[in-house]
Amino acid sequence: MLPANETASARPQERSLGDRFGRTMKRLRVSLTDRCNFRCAYCMPESPVWGAKQDILSLEELRQLVEIFVTRLGIEQLRLTGGEPLLRSGTARFVAMLSELRCAGLRRVSLSTNGVLLARYARELADAGLDDVNVSLDSLSPARFRQITGGGSLRDVLRGIDRAREVGLPVKINAVVMRGTNDADVLPLASWAYHQNLPLRFIEFMPLDSRGLWSPGKVLTEREIVALLARDFQVKPLARSNENEPASYYLLNGHFRLGVISTISNPFCARCDRIRLTSDGRLFACLFSPAGDDLKDALRAEPDHDLLESRIRLSVSNKPGGFVEKSTLINGHAGMHVLGG
(Lines give C-alpha, C1' and ligand atoms only; values in the text may rest on other atoms or scores of the structure.)
Protein backbone atom coordinates (compact mmCIF):
# COMPACT_ATOMS: atom_id res chain seq x y z
CA MET A 1 0.00 0.00 0.00
CA LEU A 2 1.12 3.58 -0.62
CA PRO A 3 2.04 5.59 2.49
CA ALA A 4 -0.57 8.17 3.46
CA ASN A 5 1.73 10.99 2.43
CA GLU A 6 2.73 9.42 -0.90
CA THR A 7 0.16 10.08 -3.62
CA ALA A 8 0.22 10.13 -7.39
CA SER A 9 0.79 13.89 -7.28
CA ALA A 10 3.32 13.86 -4.45
CA ARG A 11 6.91 15.07 -4.93
CA PRO A 12 6.15 16.43 -8.43
CA GLN A 13 9.53 18.12 -8.85
CA GLU A 14 11.46 15.00 -7.80
CA ARG A 15 9.60 12.29 -9.72
CA SER A 16 12.31 11.96 -12.32
CA LEU A 17 15.34 9.69 -12.45
CA GLY A 18 18.14 10.91 -14.68
CA ASP A 19 21.79 10.20 -15.39
CA ARG A 20 24.83 12.34 -16.26
CA PHE A 21 24.11 12.04 -19.98
CA GLY A 22 20.67 13.61 -19.66
CA ARG A 23 18.77 10.33 -20.10
CA THR A 24 15.60 9.90 -18.02
CA MET A 25 14.72 6.42 -16.80
CA LYS A 26 11.14 5.31 -17.37
CA ARG A 27 11.40 1.52 -17.53
CA LEU A 28 12.47 -0.94 -14.84
CA ARG A 29 13.18 -4.63 -15.46
CA VAL A 30 12.69 -6.75 -12.35
CA SER A 31 14.29 -10.19 -12.30
CA LEU A 32 12.28 -12.61 -10.16
CA THR A 33 14.84 -15.42 -10.23
CA ASP A 34 18.20 -16.38 -11.71
CA ARG A 35 16.96 -19.93 -12.31
CA CYS A 36 15.89 -21.16 -15.72
CA ASN A 37 14.68 -24.40 -17.27
CA PHE A 38 16.58 -23.66 -20.51
CA ARG A 39 20.34 -23.46 -21.09
CA CYS A 40 20.61 -21.03 -23.99
CA ALA A 41 24.28 -20.49 -24.84
CA TYR A 42 23.90 -16.72 -25.26
CA CYS A 43 22.47 -16.43 -21.75
CA MET A 44 23.29 -19.27 -19.35
CA PRO A 45 26.67 -20.64 -18.23
CA GLU A 46 27.16 -24.36 -18.80
CA SER A 47 27.19 -25.02 -15.04
CA PRO A 48 25.24 -22.19 -13.41
CA VAL A 49 25.69 -21.40 -9.73
CA TRP A 50 22.37 -20.19 -8.35
CA GLY A 51 22.06 -17.38 -5.84
CA ALA A 52 21.60 -18.40 -2.21
CA LYS A 53 17.96 -18.64 -1.16
CA GLN A 54 18.44 -16.22 1.76
CA ASP A 55 19.74 -13.56 -0.63
CA ILE A 56 16.66 -13.62 -2.86
CA LEU A 57 14.20 -10.86 -2.09
CA SER A 58 10.67 -11.89 -1.21
CA LEU A 59 7.90 -10.68 -3.48
CA GLU A 60 6.88 -8.27 -0.73
CA GLU A 61 10.42 -6.86 -0.60
CA LEU A 62 10.52 -6.47 -4.36
CA ARG A 63 7.15 -4.73 -4.18
CA GLN A 64 8.58 -2.24 -1.64
CA LEU A 65 11.45 -1.36 -3.96
CA VAL A 66 9.21 -1.09 -7.01
CA GLU A 67 6.95 1.26 -5.07
CA ILE A 68 9.89 3.63 -4.52
CA PHE A 69 10.79 3.51 -8.21
CA VAL A 70 7.22 4.35 -9.21
CA THR A 71 6.06 6.81 -6.54
CA ARG A 72 9.32 8.72 -6.05
CA LEU A 73 11.34 8.24 -9.24
CA GLY A 74 8.82 8.30 -12.06
CA ILE A 75 9.19 4.76 -13.39
CA GLU A 76 6.18 4.06 -15.61
CA GLN A 77 6.76 0.61 -17.10
CA LEU A 78 7.82 -2.66 -15.48
CA ARG A 79 8.99 -5.86 -17.12
CA LEU A 80 9.27 -9.05 -15.08
CA THR A 81 12.18 -11.22 -16.15
CA GLY A 82 14.52 -13.97 -14.92
CA GLY A 83 16.05 -16.47 -15.44
CA GLU A 84 12.61 -17.74 -16.19
CA PRO A 85 10.11 -15.70 -14.15
CA LEU A 86 7.39 -18.34 -14.30
CA LEU A 87 9.61 -20.65 -12.24
CA ARG A 88 9.12 -18.26 -9.32
CA SER A 89 6.16 -19.24 -7.16
CA GLY A 90 3.58 -16.48 -6.97
CA THR A 91 4.43 -14.58 -10.15
CA ALA A 92 0.77 -13.92 -10.97
CA ARG A 93 0.19 -12.77 -7.38
CA PHE A 94 3.12 -10.38 -7.78
CA VAL A 95 1.55 -8.96 -10.95
CA ALA A 96 -1.60 -8.24 -8.94
CA MET A 97 0.49 -6.58 -6.20
CA LEU A 98 2.14 -4.34 -8.78
CA SER A 99 -1.20 -3.39 -10.32
CA GLU A 100 -1.98 -1.53 -7.10
CA LEU A 101 0.64 1.03 -8.18
CA ARG A 102 -1.23 2.08 -11.31
CA CYS A 103 -2.90 4.89 -9.38
CA ALA A 104 0.60 6.22 -8.61
CA GLY A 105 1.69 6.44 -12.24
CA LEU A 106 2.53 2.87 -13.25
CA ARG A 107 1.32 2.42 -16.82
CA ARG A 108 2.37 -1.07 -17.83
CA VAL A 109 3.37 -4.45 -16.37
CA SER A 110 4.91 -6.88 -18.87
CA LEU A 111 6.62 -10.27 -18.69
CA SER A 112 9.49 -11.84 -20.62
CA THR A 113 9.48 -15.64 -20.73
CA ASN A 114 10.83 -18.59 -22.67
CA GLY A 115 7.19 -19.65 -22.96
CA VAL A 116 7.49 -23.26 -21.85
CA LEU A 117 5.24 -22.71 -18.80
CA LEU A 118 3.07 -20.03 -20.36
CA ALA A 119 0.15 -22.32 -21.23
CA ARG A 120 -0.16 -23.24 -17.54
CA TYR A 121 -0.13 -19.67 -16.22
CA ALA A 122 -1.54 -17.50 -19.02
CA ARG A 123 -5.07 -17.24 -17.64
CA GLU A 124 -3.85 -16.50 -14.12
CA LEU A 125 -1.47 -13.81 -15.40
CA ALA A 126 -4.17 -12.18 -17.51
CA ASP A 127 -6.61 -12.16 -14.60
CA ALA A 128 -3.94 -10.58 -12.38
CA GLY A 129 -3.64 -7.63 -14.76
CA LEU A 130 -0.58 -8.42 -16.89
CA ASP A 131 -0.51 -6.19 -19.97
CA ASP A 132 1.58 -8.23 -22.41
CA VAL A 133 4.15 -11.01 -22.86
CA ASN A 134 7.45 -11.26 -24.72
CA VAL A 135 8.40 -14.80 -25.71
CA SER A 136 11.92 -15.81 -26.72
CA LEU A 137 11.84 -18.01 -29.82
CA ASP A 138 15.08 -18.41 -31.77
CA SER A 139 14.13 -21.21 -34.17
CA LEU A 140 11.12 -23.07 -35.56
CA SER A 141 13.20 -26.18 -36.15
CA PRO A 142 12.61 -28.58 -33.22
CA ALA A 143 16.16 -29.93 -33.49
CA ARG A 144 17.82 -26.52 -33.65
CA PHE A 145 15.57 -25.25 -30.89
CA ARG A 146 16.70 -28.11 -28.64
CA GLN A 147 20.31 -27.35 -29.52
CA ILE A 148 20.04 -23.64 -28.73
CA THR A 149 18.04 -24.07 -25.53
CA GLY A 150 19.84 -27.14 -24.22
CA GLY A 151 16.86 -29.45 -24.59
CA GLY A 152 13.82 -27.15 -24.63
CA SER A 153 10.50 -28.18 -26.13
CA LEU A 154 9.44 -26.07 -29.12
CA ARG A 155 5.98 -27.66 -28.94
CA ASP A 156 5.45 -26.43 -25.37
CA VAL A 157 6.52 -22.90 -26.29
CA LEU A 158 4.17 -22.74 -29.27
CA ARG A 159 1.37 -24.07 -27.09
CA GLY A 160 2.11 -21.32 -24.57
CA ILE A 161 1.96 -18.64 -27.26
CA ASP A 162 -1.39 -19.96 -28.48
CA ARG A 163 -2.80 -20.09 -24.96
CA ALA A 164 -1.68 -16.55 -24.15
CA ARG A 165 -3.43 -15.26 -27.27
CA GLU A 166 -6.56 -17.24 -26.39
CA VAL A 167 -6.87 -15.51 -23.02
CA GLY A 168 -6.29 -12.07 -24.56
CA LEU A 169 -2.65 -11.44 -23.66
CA PRO A 170 -0.81 -9.55 -26.41
CA VAL A 171 2.31 -11.54 -27.41
CA LYS A 172 5.54 -10.32 -28.98
CA ILE A 173 8.30 -12.65 -30.21
CA ASN A 174 12.00 -11.95 -29.67
CA ALA A 175 14.67 -13.90 -31.56
CA VAL A 176 18.42 -13.63 -30.94
CA VAL A 177 20.28 -14.25 -34.20
CA MET A 178 23.75 -15.84 -34.16
CA ARG A 179 25.73 -16.32 -37.33
CA GLY A 180 26.40 -19.99 -37.95
CA THR A 181 23.78 -21.08 -35.42
CA ASN A 182 20.33 -19.85 -36.43
CA ASP A 183 20.82 -17.29 -39.19
CA ALA A 184 18.99 -19.75 -41.45
CA ASP A 185 15.92 -19.22 -39.24
CA VAL A 186 15.49 -15.53 -40.04
CA LEU A 187 13.18 -16.07 -43.01
CA PRO A 188 11.17 -18.97 -41.51
CA LEU A 189 10.57 -16.99 -38.32
CA ALA A 190 9.60 -13.87 -40.27
CA SER A 191 7.23 -15.84 -42.51
CA TRP A 192 5.63 -17.59 -39.52
CA ALA A 193 5.18 -14.33 -37.58
CA TYR A 194 3.84 -12.62 -40.70
CA HIS A 195 1.15 -15.26 -41.23
CA GLN A 196 0.36 -15.48 -37.51
CA ASN A 197 0.24 -11.67 -37.28
CA LEU A 198 2.60 -11.83 -34.31
CA PRO A 199 4.94 -8.90 -33.62
CA LEU A 200 8.55 -10.04 -34.08
CA ARG A 201 11.90 -8.48 -33.23
CA PHE A 202 15.28 -9.87 -34.22
CA ILE A 203 18.11 -9.11 -31.78
CA GLU A 204 21.79 -8.95 -32.62
CA PHE A 205 23.95 -11.34 -30.57
CA MET A 206 25.43 -9.31 -27.67
CA PRO A 207 28.73 -9.91 -25.81
CA LEU A 208 27.02 -10.91 -22.56
CA ASP A 209 27.06 -14.70 -22.75
CA SER A 210 28.56 -16.40 -19.71
CA ARG A 211 30.45 -18.93 -21.86
CA GLY A 212 32.60 -16.42 -23.74
CA LEU A 213 31.29 -17.54 -27.11
CA TRP A 214 30.68 -14.06 -28.51
CA SER A 215 32.85 -12.58 -31.21
CA PRO A 216 32.15 -9.85 -33.78
CA GLY A 217 32.07 -12.48 -36.51
CA LYS A 218 29.09 -14.21 -34.88
CA VAL A 219 26.96 -11.06 -35.08
CA LEU A 220 24.43 -11.01 -37.90
CA THR A 221 23.93 -7.27 -38.26
CA GLU A 222 20.72 -5.36 -38.85
CA ARG A 223 21.77 -4.67 -42.44
CA GLU A 224 22.33 -8.38 -43.08
CA ILE A 225 19.02 -9.33 -41.45
CA VAL A 226 17.16 -6.83 -43.62
CA ALA A 227 18.94 -8.15 -46.72
CA LEU A 228 17.72 -11.66 -45.88
CA LEU A 229 14.17 -10.41 -45.38
CA ALA A 230 14.27 -8.70 -48.77
CA ARG A 231 14.56 -12.09 -50.46
CA ASP A 232 10.94 -12.94 -49.59
CA PHE A 233 9.33 -9.63 -48.67
CA GLN A 234 9.04 -6.05 -49.82
CA VAL A 235 10.89 -4.24 -47.03
CA LYS A 236 10.40 -0.56 -46.23
CA PRO A 237 12.16 1.18 -43.33
CA LEU A 238 9.84 3.07 -40.99
CA ALA A 239 10.50 6.35 -39.23
CA ARG A 240 11.11 5.95 -35.49
CA SER A 241 7.83 6.78 -33.70
CA ASN A 242 9.27 6.50 -30.18
CA GLU A 243 12.73 7.95 -29.56
CA ASN A 244 13.32 5.53 -26.66
CA GLU A 245 12.36 2.41 -28.62
CA PRO A 246 15.43 0.14 -28.97
CA ALA A 247 14.30 -1.42 -32.27
CA SER A 248 14.39 -0.09 -35.79
CA TYR A 249 11.18 -1.06 -37.55
CA TYR A 250 10.46 -2.15 -41.09
CA LEU A 251 7.21 -2.69 -42.97
CA LEU A 252 6.95 -6.01 -44.77
CA ASN A 253 4.68 -6.21 -47.83
CA GLY A 254 3.05 -2.93 -46.89
CA HIS A 255 1.40 -3.95 -43.62
CA PHE A 256 3.50 -6.11 -41.22
CA ARG A 257 5.83 -4.31 -38.78
CA LEU A 258 9.03 -6.12 -37.86
CA GLY A 259 11.76 -4.83 -35.58
CA VAL A 260 15.52 -5.27 -35.35
CA ILE A 261 17.44 -4.44 -32.18
CA SER A 262 20.94 -3.60 -33.35
CA THR A 263 22.89 -3.14 -30.13
CA ILE A 264 26.18 -3.96 -31.87
CA SER A 265 25.98 -2.44 -35.35
CA ASN A 266 23.87 0.59 -34.44
CA PRO A 267 23.83 1.08 -30.63
CA PHE A 268 20.84 2.91 -29.15
CA CYS A 269 22.55 3.64 -25.82
CA ALA A 270 22.15 7.42 -26.19
CA ARG A 271 18.39 7.07 -25.79
CA CYS A 272 18.30 4.24 -23.23
CA ASP A 273 15.64 4.69 -20.51
CA ARG A 274 15.99 1.26 -18.85
CA ILE A 275 17.43 0.04 -15.57
CA ARG A 276 17.48 -3.44 -14.02
CA LEU A 277 16.82 -4.84 -10.56
CA THR A 278 18.02 -8.38 -9.83
CA SER A 279 16.22 -10.89 -7.64
CA ASP A 280 18.85 -10.41 -4.92
CA GLY A 281 18.36 -6.66 -4.81
CA ARG A 282 21.16 -5.31 -6.99
CA LEU A 283 20.49 -2.34 -9.25
CA PHE A 284 22.20 -2.38 -12.64
CA ALA A 285 21.87 1.01 -14.28
CA CYS A 286 23.26 -0.42 -17.53
CA LEU A 287 22.99 -3.85 -19.13
CA PHE A 288 26.76 -3.75 -19.67
CA SER A 289 27.69 -2.76 -16.11
CA PRO A 290 30.16 -5.28 -14.62
CA ALA A 291 28.54 -5.00 -11.17
CA GLY A 292 25.34 -3.73 -9.57
CA ASP A 293 24.65 -1.52 -6.57
CA ASP A 294 23.21 -3.34 -3.56
CA LEU A 295 19.81 -2.22 -2.25
CA LYS A 296 19.03 -5.34 -0.25
CA ASP A 297 21.01 -4.47 2.89
CA ALA A 298 19.38 -1.06 3.24
CA LEU A 299 15.95 -2.55 2.55
CA ARG A 300 16.31 -5.28 5.16
CA ALA A 301 18.09 -3.27 7.86
CA GLU A 302 15.25 -0.86 8.58
CA PRO A 303 13.47 0.27 5.45
CA ASP A 304 14.19 3.96 4.91
CA HIS A 305 12.66 5.15 1.66
CA ASP A 306 14.72 8.34 1.64
CA LEU A 307 17.96 6.35 1.95
CA LEU A 308 16.92 3.88 -0.72
CA GLU A 309 15.89 6.70 -3.05
CA SER A 310 19.25 8.41 -2.62
CA ARG A 311 21.12 5.16 -3.35
CA ILE A 312 19.08 4.59 -6.48
CA ARG A 313 19.66 8.16 -7.67
CA LEU A 314 23.41 7.85 -7.11
CA SER A 315 23.57 4.54 -8.98
CA VAL A 316 21.64 5.89 -11.96
CA SER A 317 23.58 9.16 -12.02
CA ASN A 318 26.68 7.05 -12.71
CA LYS A 319 25.03 5.01 -15.48
CA PRO A 320 27.71 4.46 -18.14
CA GLY A 321 27.36 5.33 -21.78
CA GLY A 322 26.57 1.70 -22.61
CA PHE A 323 27.94 -0.68 -25.21
CA VAL A 324 29.43 2.26 -27.07
CA GLU A 325 32.00 2.46 -24.23
CA LYS A 326 32.78 -1.28 -24.34
CA SER A 327 32.51 -2.68 -27.88
CA THR A 328 33.96 -6.01 -26.76
CA LEU A 329 33.20 -9.09 -24.67
CA ILE A 330 32.17 -8.03 -21.18
CA ASN A 331 34.32 -9.88 -18.65
CA GLY A 332 33.16 -10.46 -15.08
CA HIS A 333 29.57 -9.68 -16.04
CA ALA A 334 26.70 -10.89 -13.87
CA GLY A 335 25.20 -12.88 -16.74
CA MET A 336 21.99 -12.47 -18.69
CA HIS A 337 20.22 -15.10 -16.56
CA VAL A 338 20.79 -12.84 -13.54
CA LEU A 339 19.95 -9.53 -15.21
CA GLY A 340 17.03 -10.68 -17.31
CA GLY A 341 18.17 -9.02 -20.54
Side-chain angles (χ1 to χ4, degrees), residues 21-27 29 42 76-77 79 107-108 110 112 131-140 161 165 170-208 214-274 286-288 321-327 336 341:
F21 296 101
R23 297 172 294 190
T24 300
M25 305 303 117
K26 292 295 183 183
R27 308 187 202 198
R29 292 176 177 244
Y42 58 80
E76 298 177 350
Q77 299 185 46
R79 179 167 295 280
R107 294 173 42 212
R108 199 163 196 85
S110 306
S112 289
D131 290 295
D132 59 82
V133 178
N134 279 8
V135 177
S136 297
L137 180 59
D138 303 321
S139 177
L140 290 172
I161 292 170
R165 300 179 83 184
V171 176
K172 181 186 295 180
I173 306 300
N174 285 339
V176 175
V177 184
M178 298 165 283
R179 189 189 306 277
T181 298
N182 67 333
D183 42 345
D185 288 282
V186 168
L187 280 174
L189 280 167
S191 179
W192 171 77
Y194 177 89
H195 289 100
Q196 293 286 326
N197 196 28
L198 270 170
L200 169 65
R201 296 186 303 181
F202 290 114
I203 303 173
E204 292 180 352
F205 183 24
M206 294 184 284
L208 297 172
W214 184 89
S215 70
K218 293 182 179 178
V219 178
L220 197 71
T221 67
E222 176 180 355
R223 180 177 295 182
E224 292 173 301
I225 291 171
V226 171
L228 285 174
L229 294 171
R231 295 179 183 179
D232 285 1
F233 300 95
Q234 294 178 345
V235 182
K236 177 184 178 182
L238 295 174
R240 192 176 296 276
S241 59
N242 181 347
E243 63 178 13
N244 293 322
E245 167 61 53
S248 299
Y249 278 93
Y250 297 85
L251 199 64
L252 304 190
N253 291 351
H255 67 91
F256 181 74
R257 290 177 78 249
L258 179 146
V260 181
I261 299 178
S262 51
T263 307
I264 308 303
S265 66
N266 186 24
F268 51 88
C269 305
R271 56 183 185 273
C272 178
D273 65 349
R274 295 157 180 79
C286 176
L287 180 60
F288 296 97
F323 179 72
V324 292
E325 291 184 356
K326 304 289 183 181
S327 301
M336 292 287 279

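Quick note: numbers below take in every heavy atom, side chains included, and nothing from hydrogens, waters or symmetry partners. If you're wondering where the values come from, they're calculated on a predicted model, not measured in any experiment. Sequence positions, counted from 1, serve as the residue numbers for this chain.
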Would you say that Leu220 contacts Val186 through its side chain, given a criterion of any heavy-atom pair below 4.5 Å between the two side chains? yes
Exercise answer: donor-acceptor pairs, residues 223-235 side-chain atoms, under 3.5 Å, sequence neighbours excluded:
from, atom 1, to, atom 2, distance (Å)
Glu224, OE1, Arg179, NH2, 2.7
Glu224, OE1, Thr221, N, 2.9
Glu224, OE1, Thr221, OG1, 3.2
Glu224, OE2, Arg179, NH1, 3.3
Glu224, OE2, Arg179, NH2, 3.0

Taking atom OG of Ser136 and atom NZ of Lys172, what is their separation to the nearest 0.5 Å? 12.5 Å
Set of salt bridge (charged side-chain N to carboxylate O under 4.0 Å, His left out) partners for Lys26, sequence neighbours left out: Glu76
Residues at least two apart in sequence or cross-chain that pass side chain to side chain contact (heavy atoms under 4.5 Å, CB included) with Ser262, listed by chain then number, are Glu204, Glu222, Ser265, Asn266
Strictly by modelled atom types, are Ser139 and Asn182 linked by a side-chain donor-acceptor pair under 3.5 Å? no
Side chain to side chain donor-acceptor pair (under 3.5 Å) filter on Arg23, not counting sequence neighbours, yields Asp19
Listing request: all salt bridge (charged side-chain N to carboxylate O under 4.0 Å, His left out) pairs with a residue in residues 244-270, at least two apart in sequence or in separate chains. Arg201-Glu245
Could you walk me through whether Leu200 and Trp192 pass the side chain to side chain contact (heavy atoms under 4.5 Å, CB included) test, one step at a time? CA-CA 10 Å; Leu200 169 65; Trp192 171 77; over 6 Å; no
Under a 4.0 Å threshold between the charged nitrogen and the carboxylate oxygen, would Asp183 count as salt-bridged to Lys218? no
Set of side chain to side chain donor-acceptor pair (under 3.5 Å) partners for Asp131, sequence neighbours left out: Arg102
Using every non-hydrogen atom in the two residues, find where Ala247 and Gly259 come nearest and quote the distance to one decimal. CB-CA, 4.3 Å
Pro207 versus Ile264: any side-chain heavy-atom pair under 4.5 Å? yes
If you compare all heavy atoms of Ser112 against all heavy atoms of Arg79, which two are closest, and at what distance to 0.1 Å? OG-CD, 3.1 Å
Taking salt bridge (charged side-chain N to carboxylate O under 4.0 Å, His left out) as the test, write out the residues that go with Arg274, two or more places apart. none
Any pair with a residue in residues 260-269 that passes salt bridge (charged side-chain N to carboxylate O under 4.0 Å, His left out), sequence neighbours left out, goes on the list, sorted by first then second residue, please. none
If you round to the nearest 0.5 Å, how far is CG of Leu137 from CD1 of Ile173? 5.5 Å
Check whether any side-chain heavy atom of Leu287 sits under 4.5 Å from a side-chain heavy atom of Met206, and report yes or no. yes
Can you list everything that forms a side chain to side chain donor-acceptor pair (under 3.5 Å) with Asp138? Sequence neighbours excluded, please. Tyr42
Here the ring pair (Phe, Tyr, Trp, His ring centres under 6.0 Å) pairs for residues 234-255, sequence neighbours left out, are Tyr194-His255
Please round to the nearest 0.5 Å and tell me the distance separating atom OG of Ser248 and atom CZ of Phe202. 14.0 Å
What pair of heavy atoms forms the shortest contact from Gly321 to Cys269, and how long is it? O-CB, 3.0 Å
Rounded to the nearest 0.5 Å, the OG atom of Ser110 sits from the CZ atom of Arg29 at a distance of 9.0 Å
Matching residue for Asp132 among Arg108, Arg165, Arg107 - test: salt bridge (charged side-chain N to carboxylate O under 4.0 Å, His left out): Arg108
